[in-house]
Amino acid sequence: MSENNYSVTTEFILVGFSDHPILKILLFMVFSVIYLVTIVGNLGLVLLIYMEHRLHTPMYIFLGNLALMDSCCSCAITPKMLQNFFSVDRKMSLYECMVQFSFLCLAETTDSFLLAAMAYDRYVAICNPLQYHTMMSMKLCLQMTIGAYIAGILHPMIEVGLLLRLTFCRSHMIKHFFCDILPLYRISCTDPHINELILFILAGSILIFTMTIVLASYFYILFTVFKMRSNESRGKALSTCASHFLSVSIFYGSLLFLYAQPHSVTEGDKDIPVAIFYTIVIPLLNPFIYSLRNKEVINVVKKTMEKR
């Protein structure tokens with residue numbers, strides 16, 4: 001295609017959800033409530049862990065950073081999505097797209113490594129309780145947390161750097177509720193196969209590596225749990241593992257389905273339902289799954305409220 005036959009696009013329009021007036025208002029109200037609950041729940045959990053010295057342990061440090069990244073994910077996506085429900089033009093520049101995707105990629109990549117670190121922490125606590133403070137020291141906890149953030153920063157830098165080699169001319173309409181990288185590939189007039197291959201390799205490697213740690217940890221946890229003599233202890237451990245594993249399964253399953261499969265660029269009709277899970281549903285559920293089911297967190301909240 002010659003330059004005379006197209007004009008390069010540097011500004012896009014997010015199509016988003018339905019334009020039906022009643023449905024649009026209903027979706028706006030639903031997503032507004034979800035956003036409010038997500039931010040209050042996650043940032044409240046971060047503040048609680050920061051203020052309460054009894055929660056300054058590896059498990060809660062990982063949990064606090066996970067809640068922080070979930071807040072980052074929601075703040076990167078939901079405000080612009082809510083604005084576009086009643087916006088006339090729904091415009092977004094290429095650089096705004098890159099920034100939005102960078103924050104999303106940062107949050108999701110960091111979350112993957114934090115979930116793996118949390119699974120390993122639970123494995124040590126349940127399978128090797130006498131060696132917990134040796135195997136999971138605060139130094140190792142901080143190293144794992146910093147490593148998760150380093151991976152979370154490097155991954156979007158690579159993807160956005162490769163995105164700069166593309167030019168966009170086929171359309172300025174992005175059929176999505178946020179500026180994801182796959183819809184940008186679809187409207188590129190530069191062949192995105194190199195970008196798609198590197199995305200597949202990087203995203204797949206990150207997910208497979210962290211999922212292997214999670215699955216191996218839960219396998220040994222379940223093996224240890226079933227060897228417990230007390231039915232009460234076994235029931236509590238299984239209940240906790242089941243809720244955690246459900247959240248992990250939805251998170252990894254959504255990302256694998258969307259980013260880590262070949263030819264994912266051409267299957268745009270599946271993007272939005274899957275993206276809702278990992279950008280909106282998971283950040284909403286995590287505070288409830290990881291904290292409200294935790295008696296230690298609930299006791300700290302109760303004592304804090306009683307003091308005030």
Side-chain angles (χ1 to χ4, degrees), residues 62 65-66 69-70 72-73 76-77 97-98 100-120 123 144-166 174 176 178-188 190-219 244-283 286:
F62 293 140
N65 284 279
L66 182 71
M69 287 295 99
D70 284 341
C72 176
C73 178
I77 302 300
C97 276
M98 291 181 180
Q100 189 180 58
F101 171 74
S102 295
F103 278 103
L104 175 66
C105 188
L106 164 67
E108 302 302 341
T109 304
T110 307
D111 273 0
S112 298
F113 285 94
L114 288 173
L115 288 171
M118 290 173 68
Y120 175 75
Y123 154 73
M144 295 172 76
T145 303
I146 293 171
Y149 279 103
I150 291 174
I153 292 170
L154 290 177
H155 186 202
M157 287 177 63
I158 295 171
E159 299 296 347
V160 170
L162 289 169
L163 195 62
L164 292 172
R165 65 178 284 271
L166 303 181
I174 297 179
H176 215 300
F178 69 94
C179 202
D180 200 4
I181 198 167
L182 296 182
L184 288 175
Y185 289 171
R186 295 184 191 112
I187 61 174
S188 170
T190 307
D191 187 355
H193 285 155
I194 295 176
N195 297 60
E196 183 183 2
L197 178 62
I198 293 176
L199 175 65
F200 172 72
I201 293 172
L202 283 179
S205 300
I206 290 169
L207 292 174
I208 290 172
F209 173 73
T210 55
M211 279 183 62
T212 301
I213 296 174
V214 170
L215 292 175
S217 299
Y218 278 112
F219 173 79
H244 290 192
F245 193 73
L246 175 63
S247 174
V248 169
S249 299
I250 296 174
F251 176 80
Y252 283 116
S254 301
L255 293 181
L256 277 171
F257 185 84
L258 194 58
Y259 294 111
Q261 59 172 331
H263 311 297
S264 56
V265 171
T266 59
E267 299 179 353
D269 57 325
K270 300 177 182 178
D271 281 8
I272 292 180
V274 178
I276 288 173
F277 273 101
Y278 74 84
T279 60
I280 297 175
V281 176
I282 291 296
N286 277 343

Work out which heavy atom in [X] is nearest to a heavy atom in [Y]; give both atom names and the distance.
X	Y	result
L106	P156	N-CG, 4.1 Å
I282	F251	CD1-N, 4.0 Å
A119	S217	O-CB, 3.4 Å
A203	H155	N-NE2, 4.4 Å
E159	I198	OE2-O, 4.2 Å

Within 6.0 Å of OH in Y149, more than 12 heavy atoms from elsewhere: yes
Got more than 12 heavy atoms from elsewhere within 6.0 Å of CD1, I194? no
Any side-chain heavy-atom pair from [X] and [Y] closer than 4.5 angstrom?
X	Y	value
V248	M211	no
P183	D180	yes
L182	Y185	yes
L166	L184	no
L163	F101	no

What distance do [X] atom [atom1] and [Y] atom [atom2] have between them, rounded to the nearest 0.5 Å?
X	Y	atom1	atom2	value
I181	E196	CD1	CD	10.5 Å
N286	L114	CG	CG	10.5 Å
I206	I201	CD1	CD1	12.0 Å
I153	T110	CD1	OG1	7.0 Å
C105	M157	SG	CE	11.5 Å
I208	L215	CD1	CG	11.0 Å

Flag, side chain of T210 to backbone of L207, donor-acceptor distance under 3.5 Å: yes
Treating S112 as the side-chain partner and E108 as the backbone partner, does any N or O pair qualify as donor plus acceptor under 3.5 Å? yes
Pair I174-C97, side chain to side chain contact (heavy atoms under 4.5 Å, CB included): steps then yes or no: CA-CA 11 Å; I174 297 179; C97 276; 4.3 Å; yes
Show the numbers, then the answer: is there a side chain to side chain contact (heavy atoms under 4.5 Å, CB included) between N195 and R165? CA-CA 9 Å; N195 297 60; R165 65 178 284 271; 2.5 Å; yes
Could you walk me through whether Y120 and V214 pass the side chain to side chain contact (heavy atoms under 4.5 Å, CB included) check? CA-CA 7 Å; Y120 175 75; V214 170; over 6 Å; no
Go through the steps for L115 and Y252 under the test side chain to side chain contact (heavy atoms under 4.5 Å, CB included), then give the verdict. CA-CA 10 Å; L115 288 171; Y252 283 116; 3.9 Å; yes
Parallel, tilted or perpendicular, judged at 30° and 60°: which one describes the rings of F209 and F113? tilted
Is the ring pair F178/H176 parallel, tilted or perpendicular, if the boundaries are 30 and 60 degrees? perpendicular
Looking only at side chains, do D111 and Y278 share a donor and an acceptor under 3.5 Å apart? no
